[in-house]
Amino acid sequence: MGTWGTAISSNDTYADIYEQFIDLYNEGLAIPEITTRLISENQETINISEDANNFWFAIAKGQWECKALDEEILLKVNHIIKTGEDLRVWKDLGASPQDIKTRERVLNNFLIKLQTEQEKPRRKTKKKLCNSIFKKGDCLTYKMNNGNYGGAFVLTDEQETQLGINFIAITTIDKANKPAITDFKKAQVYVKRANETSFKGTEIHNAWVDQPQITGFFASNFKNANFEIEVIGNLPIINKYTVRRDLQIFSNWNDLKSAIPLRDEYAKINGIAKTKLKLTKWTSWNLIKHWL
């Protein structure tokens, strides 16, 4: 369910379905087509009691905003609310009496809103798409907070996406002079001990691990970088870097300046990583000798 509050929109299911609905609306699809498509693609969600109500609430809100609320959808939502079906789900999940009372008020207000005709349809907007700042394989250098030059290597790029993410590996390069491409060819990725949170289904797992400092950087935040980043060359990526879906970490561009200067202080508190990782993991062929 992924609930973080009593509001209609305060759960993962509603947020995800509503976002998909509006995205498809902005792309020009008709409301009946959007509704049919989302119902067809989310049968698993609809068949889970703790998620189903939020699915229908999202569909109803999307239709209402677009001034196209289907009578059957309204009747379905009305049934969920008036019969106390949604409140039973909350009780079964162990919600407090105060939260149940608040949720009941929220549901009734939501139903009143749906029964009030929207004045005009939601305005269609086109999402602004962007490209990643750097190209896959770019070798980046910059002045760090300790006055030395650091180095980072771009593992992924994107074209015409909403966020324009680069996944970038921070290396252990720490030089008084600007590094050369040869420094990147033998560079190590900075690995530190970290208390890592990962997700398996609805379960949350925490464990101390050796975590390579490979994080995502948004194109939209690049304007906030208060230092110069120079591309000194490009190393072809032969072995593709795969982003873990259960662990996606994102950073501010300014973090590039501080990671290595703070390395020793961080290690004193959290321990020293034993894992060694070279950029050649992605830039060189994994050669296997076959003996006959």
Side-chain angles (χ1 to χ4, degrees), residues 15-16 19-20 22-23 26-27 125-185 187-192 194 196-197 211-263 265-266 277-283:
D16 183 48
E19 182 181 14
Q20 290 182 53
I22 299 305
D23 284 347
N26 287 332
E27 289 175 12
T125 58
K126 205 167 187 178
K127 283 189 176 180
K128 183 179 180 181
L129 303 180
C130 60
N131 299 333
S132 301
I133 299 298
F134 298 105
K135 300 296 183 184
K136 181 170 60 177
D138 280 350
C139 300
L140 313 178
T141 189
Y142 41 84
K143 276 285 190 77
M144 299 186 294
N145 291 341
N146 62 3
N148 284 348
Y149 285 93
F153 184 68
V154 181
L155 290 166
T156 70
D157 59 22
E158 296 180 343
Q159 304 296 314
E160 292 294 305
T161 64
Q162 193 174 349
L163 298 174
I165 300 172
N166 281 130
F167 272 89
I168 297 176
I170 299 175
T171 74
T172 57
I173 292 174
D174 187 5
K175 301 185 62 174
N177 298 317
K178 188 180 296 185
I181 195 72
T182 52
D183 293 304
F184 283 87
K185 288 181 179 179
Q188 297 269 358
V189 176
Y190 172 35
V191 181
K192 69 180 184 182
E196 182 178 282
T197 300
Q211 186 183 79
Q213 293 308 285
I214 300 173
T215 62
F217 293 82
F218 298 116
S220 59
N221 292 338
F222 187 68
K223 59 181 180 294
N224 298 325
N226 57 10
F227 64 107
E228 182 180 354
I229 301 176
E230 180 183 351
V231 179
I232 63 166
N234 186 286
L235 293 176
I237 291 182
I238 298 170
N239 301 308
K240 181 182 177 181
Y241 173 73
T242 302
V243 181
R244 283 178 53 182
R245 291 188 176 274
D246 65 327
L247 180 66
Q248 294 189 37
I249 302 173
F250 300 96
S251 299
N252 294 315
W253 291 96
N254 289 326
D255 292 343
L256 292 173
K257 299 189 303 177
S258 60
I260 296 303
L262 292 174
R263 177 174 51 172
E265 182 179 341
Y266 183 91
L277 179 61
K278 292 185 177 182
L279 289 184
T280 50
K281 174 180 174 66
W282 300 285
T283 60

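Residue numbers count from 1 along this sequence. As the structure is a computational prediction, the values presented were derived from the model and not from experiment.
With sequence neighbours excluded, the residues that form a side-chain contact (heavy atoms from CB on, under 4.5 Å) with Asp23 are Glu19, Lys127. Lys135 is linked by a salt bridge (charged side-chain N to carboxylate O under 4.0 Å, His left out) to nothing, counting only residues two or more places apart in sequence or in another chain. For Thr156, there are no side-chain hydrogen bond (donor to acceptor under 3.5 Å, both in side chains) partners two or more places apart in sequence or in a different chain. With sequence neighbours excluded, the residues forming a side-chain contact (heavy atoms from CB on, under 4.5 Å) with Ala169 are Leu155, Val189, Ile214, Leu279, listed by chain and number. Taking Asn234 as the reference, Asp138 meet the side-chain hydrogen bond (donor to acceptor under 3.5 Å, both in side chains) condition, with sequence neighbours excluded. With sequence neighbours left out, Phe218 forms a ring pair (Phe, Tyr, Trp, His ring centres under 6.0 Å) with Phe250. Remark: Phe184 pairs with no residue by the ring pair (Phe, Tyr, Trp, His ring centres under 6.0 Å) rule, at least two apart or across chains. With sequence neighbours left out, the side-chain contact (heavy atoms from CB on, under 4.5 Å) criterion links Asn224 to Asn221. Residues passing the salt bridge (charged side-chain N to carboxylate O under 4.0 Å, His left out) test with Asp16: none are found, sequence neighbours excluded. For Asp255, the salt bridge (charged side-chain N to carboxylate O under 4.0 Å, His left out) criterion is met by no residue, not counting sequence neighbours. For Leu129, the side-chain contact (heavy atoms from CB on, under 4.5 Å) test picks out Glu160, with sequence neighbours left out. The salt bridge (charged side-chain N to carboxylate O under 4.0 Å, His left out) check on Glu230 picks up Lys178, with sequence neighbours excluded.
Within the 4.5 Å cutoff, the side chain of Tyr149 has heavy atoms near those of the Lys143 side chain.
With values rounded to the nearest 0.5 angstrom, Asp183 atom CG is found 11.5 Å from Asp174 atom CG. Taking CG of Asn145 as the start and CG of Leu262 as the end, the distance is 7.5 Å to the nearest 0.5 Å. We find the OG1-CD1 distance between Thr125 and Ile22 to be 8.5 Å, quoted to the nearest 0.5 Å. We find the CG-CD1 distance between Leu140 and Ile173 to be 10.0 Å, quoted to the nearest 0.5 Å. The line from CG of Asn148 to CG of Asn177 is 9.0 Å long, rounded to the nearest 0.5 Å. For the atom pair CD1 of Ile260 and OH of Tyr190, the computed distance is 6.0 Å after rounding to the nearest 0.5 Å.
Side-chain atoms of Thr141 never come within 3.5 Å of backbone atoms of Gly151 as a donor-acceptor pair (strictly under, hydrogens ignored). Proximity of a side-chain donor or acceptor of Glu265 to a complementary backbone N or O of Arg263 within less than 3.5 Å is not detected. With Thr280 contributing its side chain and Thr283 its backbone, the two residues share no donor-acceptor pair below 3.5 Å.
Of all heavy-atom pairs spanning Tyr142 and Glu228, the tightest one is CB-O, 3.4 Å. Closest approach of Lys136 to Asp157, counting heavy atoms only: N-OD2, 2.8 Å. The two residues Leu277 and Gln188 come nearest to each other via the heavy atoms O-OE1, 3.1 Å. Across every non-hydrogen atom of Ile181 and Cys139, the tightest pair is CD1-SG, 3.4 Å. When every heavy atom of Lys257 is checked against every heavy atom of Asn226, the shortest pair comes out as NZ-OD1, 3.0 Å. The two residues Gly150 and Pro179 come nearest to each other via the heavy atoms O-CG, 4.3 Å.
Each of Leu163, Ile168, Ile165 was evaluated against Phe217; a single residue qualifies, Ile168, per the side-chain contact (heavy atoms from CB on, under 4.5 Å) test.
The aromatic rings of Tyr241 and Trp282 sit perpendicular to each other, their planes meeting at more than 60°, with 30° as the lower class boundary.
For Lys240, the NZ atom is loosely surrounded, since the number of other residues' heavy atoms within 6.0 Å does not exceed 12. More than 12 heavy atoms of other residues, nucleotides or ligands lie within 6.0 Å of CD in Gln159, so this atom counts as buried by the packing criterion.
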